[in-house]
S.K.: 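Here it is, the structure, as structure tokens.
Positions are given from 1, in the same order as the sequence printed here.
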Amino acid sequence: MCIRDRRVPVVGMGSAPDFTCKKDTKEAIIEAIKQGYRHFDTAAAYGSEQALGEALKEAVELGLVSRQDLFVTSKLWVTDNHPHLVVSALRKSLRTLQLEYLDLYLIHWPISSQPGKFSFPIEVEDLLPFDVKGVWEAMEECQKLGLTRAIGVSNFSVKKLQNLLSVATIRPVVNQVEMNLAWQQKKLREFCNENGIVITAFSPLRKGASKGPNEVMENDMLKEIAEAHGKTIAQVCLRWLYEQGVTFVPKSYDKGRMNQNLQIFDWKLTQEDHHKISEIYQNRLINGPTKPQLNDLWDDEI
């Protein structure tokens with residue numbers, strides 16, 4: 001997968017907050033680099049930029065990898081989603097990461113809130129009008145300044161992408177969204193493919209906000225497909241994403257599962273597998289970052 005003449009590793013490593021995770025982020029990232037991971041995804045809101053930066057610096061100093069071989073993504077949080085704050089927010093992320101540049105910088109959500117007031121979930125009364133044109137011009141400035149090699153978005157619907165494309169001089173190269181076997185994003189995939197926008201899937205194994213049953217990892221039909229191929233359900237999920245032409249950033253700090261997530265390239269799903277997967281009931285896992293949820297965040301797209 002290529003972005004601005006740079007090859008993007010298909011499999012990345014996510015670092016979104018996971019309060020059930022016991023392992024240290026820095027230690028896990030060093031292990032991931034040793035296993036071959038080169039694509040690392042973080043965000044100002046995750047609280048993982050510092051640990052990621054320390055790990056990458058250590059890995060470079062140890063000779064495990066060079067900066068040129070890494071692909072690092074971070075994201076602009078909604079409190080800085082204002083034209084006059086974008087460049088300074090990116091500079092702050094770079095200082096925290098101890099990097100001179102990012103490979104990709106994304107608008108985290110298509111909403112803006114009160115500057116300097118971090119809360120999660122975001123209180124609706126703290127929301128402000130989102131100046132998509134002004135914010136995107138500031139994102140373009142970040143790229144022109146060499147602070148990031150490429151720019152993109154996250155959690156944008158087709159309608160919101162259309163609005164952005166109508167005002168953009170530099171087009172977004174990535175839209176990072178929830179995508180997994182129980183939220184396959186067919187309409188969005190088709191639009192992004194037609195417009196040269198790469199999709200990066202977060203929550204590719206359906207892990208995240210829900211405390212209920214995992215409609216993917218606990219799916220008996222997927223278990224049968226996995227057993228038929230001698231693979232795990234997670235490997236079936238990631239292979240399906242790969243066959244859709246998307247990149248993805250699973251998060252695992254377990255050494256064995258890190259390795260399994262990379263073992264998806266030397267086999268294929270059958271047409272029958274694809275047919276069965278297409279019949280999985282579809283529903284969104286991550287409904288949004290606000291409290292209460294916004295009715296128009298996703299523009300009623302499925």
S.K.: Return the CG to CG distance between Leu294 and Asp299, rounded to the nearest 0.5 Å.
M.R.: 11.0 Å
S.K.: Is Asp41 paired with Lys75 through a side-chain N to carboxylate O contact shorter than 4.0 Å?
M.R.: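 Answer for the salt bridge query: yes.
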S.K.: Where do Lys144 and Ile170 come nearest, in terms of heavy atoms and distance?
M.R.: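 So the minimum-distance heavy-atom pair works out to CE-CD1, 4.4 Å.
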S.K.: What I want to find out is whether Arg206 reaches Glu215 closely enough, with some N-O distance under 4.0 Å, to be called a salt bridge.
M.R.: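 Counted as a salt bridge, because a side-chain N and a carboxylate O are separated by less than 4.0 Å.
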S.K.: Would you say Asn163 and Ser166 are linked by a side-chain donor-acceptor pair, where the criterion is simply a distance under 3.5 Å?
M.R.: no
S.K.: What is the distance from atom CD1 of Ile107 to atom CG of Leu164, rounded to the nearest 0.5 Å?
M.R.: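 Result: 6.5 Å between the selected atoms.
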S.K.: Roughly how far, to the nearest 0.5 Å, is the CG atom of Leu97 from the CZ atom of Phe40?
M.R.: 12.0 Å
S.K.: Is it true that atom CD of Glu272 has more than 12 heavy atoms of other residues, nucleotides or ligands lying nearer than 6.0 Å?
M.R.: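 Counting other residues, nucleotides and ligands, CD of Glu272 stays at 12 neighbours or fewer.
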S.K.: Counting heavy atoms not belonging to Asp296, are there more than 12 under 6.0 Å from its CG?
M.R.: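 Yes, because the 6.0 Å sphere around CG of Asp296 holds more than 12 heavy atoms from other groups.
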S.K.: Could you give the distance from CD (Gln143) to OH (Tyr101), rounded to the nearest 0.5 Å?
M.R.: 13.5 Å
S.K.: How long is the span from the CG atom in Leu90 to the CD atom in Glu141, to the nearest 0.5 Å?
M.R.: 11.0 Å
S.K.: Keeping the roles fixed (side chain from Lys251, backbone from Ala16), state whether a donor-acceptor pair exists under 3.5 Å.
M.R.: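 Judged by distance alone, yes, a pair lies under 3.5 Å.
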S.K.: Would a single hydrophobic cluster contain both Met221 and Leu269, if residues Ile, Leu, Val, Met, Phe, Trp and Tyr are joined by side-chain heavy-atom contacts under 4.5 Å?
M.R.: yes
S.K.: Parallel, tilted or perpendicular for His108 and Trp77, by the 30°/60° rule?
M.R.: perpendicular
S.K.: Within the distance-only criterion (no hydrogens, no angle test), does the side chain of Asn81 pair as donor or acceptor with the backbone N or O of Ile111 below 3.5 angstrom?
M.R.: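 It does hold such a pair.
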S.K.: Are Glu178 and Ser203 linked by a side-chain donor-acceptor pair shorter than 3.5 Å?
M.R.: no
S.K.: Honestly curious: do Trp267 and Tyr242 fall in one hydrophobic cluster under the side-chain, below-4.5 Å linking rule?
M.R.: yes
S.K.: Taking atom types as modelled, is there a side-chain donor on Tyr253 or Thr25 under 3.5 Å from an acceptor on the other?
M.R.: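 Side chains of Tyr253 and Thr25: pair found under 3.5 Å.
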S.K.: Scan Gln184, Arg189, Lys186 and name whichever one has a side chain to side chain donor-acceptor pair (under 3.5 Å) with Gln244.
M.R.: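 Per the side chain to side chain donor-acceptor pair (under 3.5 Å) rule, the option paired with Gln244 is Arg189, out of Gln184, Arg189, Lys186.
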S.K.: Answer yes or no: are there more than 12 heavy-atom neighbours, outside Gln50 itself, under 6.0 Å from its atom CD?
M.R.: no
S.K.: Is any NZ, NE, NH1 or NH2 atom of the basic residue among Glu58 and Lys26 found under 4.0 Å from an Asp or Glu carboxylate oxygen of the other?
M.R.: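 Yes.
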S.K.: Is there a donor-acceptor contact under 3.5 Å linking the side chains of His275 and Gln271?
M.R.: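 No, no side-chain donor-acceptor contact under 3.5 Å.
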S.K.: Go through the side-chain N and O atoms of His274 and Glu243 and say whether any donor and acceptor fall under 3.5 Å apart.
M.R.: yes
S.K.: Mind running side chain to side chain donor-acceptor pair (under 3.5 Å) on Thr42 and Glu49 for me, showing each step along the way?
M.R.: CA-CA 6 Å; Thr42 186; Glu49 286 183 329; 5.0 Å; no
S.K.: If you measure from NZ on Lys276 to CG on Asn219, what distance do you get to the nearest 0.5 Å?
M.R.: 11.0 Å
S.K.: Between Tyr105 and Leu147 (side chain of the first, backbone of the second, donor and acceptor by atom type, cut-off under 3.5 Å), is there such a pair?
M.R.: no
